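Take a look at the structure set out below.
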Amino acid sequence: MFRSGQFVREQCSPVSDEQRQPNGIDLTLDRVFEQIDAGRIGCDGKEVGDRRACEVEELDETHSAYYLDPGGYIVRYNETIRIPEGHVGFVYPRSTLMRNSCMLNTAVWDAGYEGKGEGLLQIHHDIELERGARIAQLVLAQANHDDSYDGTYQRENIDSE
Ligand SMILES: O=c1ccn([C@H]2C[C@H](O)[C@@H](COP(=O)(O)OP(=O)(O)OP(=O)(O)O)O2)c(=O)[nH]1
């Protein structure tokens, strides 16, 4: 069973009323990165390639935003997300992203994970994205599981900042 938006909200912070959805909460954009070096996935371990932070551009006198050309980017969400025991999380793109020829690729959010997670943003047509804008939605489903998340991404982007 998928949990209510209010339940999901209680596992994340900070979350404003505007982010609350019937079945989850919207996640907002913190930062955008471009990968500049090869990563590695081996049988004995893994490595994430180096990346550089993209710059927010002054688009006119009143606002600044990321202006992204087609390509693949890593995005970091603003919210610290906690996946409670007995649950699994899924993140979907906000449909307006998709309707603008962009897509967010995501993986499984394990029970016990806590952190400011990341996603792969695919841009198929130039788009303007403001920091803090809602780009994705997190939902939580009840799930049986063996053990809890204890990997290298535990508390990512919380302890390091
Ligand atoms: O789109 C996603 C999906 C998951 N996560 C977080 C939550 C998840 O619990 C954690 C680890 O994901 P996964 O287990 O898929 O990573 P891995 O590559 O297998 O690394 P590890 O060996 O640390 O588990 O990353 C994200 O930040 N973004």
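We count ligands from 1, going down the list as the structure has it; atoms in each ligand are counted the same way. Note that these values count all heavy atoms, side chains included, but never hydrogens, waters or copies made by symmetry. All figures in this text were calculated on a predicted structure; none of them were measured in a lab.
- Here CZ of R51 is found 5.5 Å from CD1 of I74. Values are rounded to the nearest 0.5 Å.
- Taking E10 as the reference, Q6 meet the side chain to side chain donor-acceptor pair (under 3.5 Å) condition, with sequence neighbours excluded.
- M98 belongs to a hydrophobic cluster whose remaining members, ordered by chain and number, are M103; membership requires side-chain heavy atoms of ILVMFWY residues under 4.5 Å apart, directly or through intermediates.
- The aromatic rings of Y77 and W109 sit tilted, their planes meeting at an angle between 30° and 60°.
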Self-check item: Test log, rule salt bridge (charged side-chain N to carboxylate O under 4.0 Å, His left out), inputs E34 and R52
Solution: CA-CA 5 Å; E34 233 175 338; R52 69 166 189 85; 2.5 Å; yes
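- Under 4.0 Å from any atom of ligand 1, one finds heavy atoms of residues K46, T106, A107, V108, W109, D110, Y113, G117, E118, Y149, G151, T152, Y153, E156.
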Atom pairs and distances, side-chain donor-acceptor, residues 88-97, under 3.5 Å, sequence neighbours left out:
residue : atom : partner : partner atom : Å
R94     : NH1  : R134    : O            : 2.9
S95     : OG   : R99     : NE           : 2.8
S95     : OG   : R99     : NH2          : 3.1

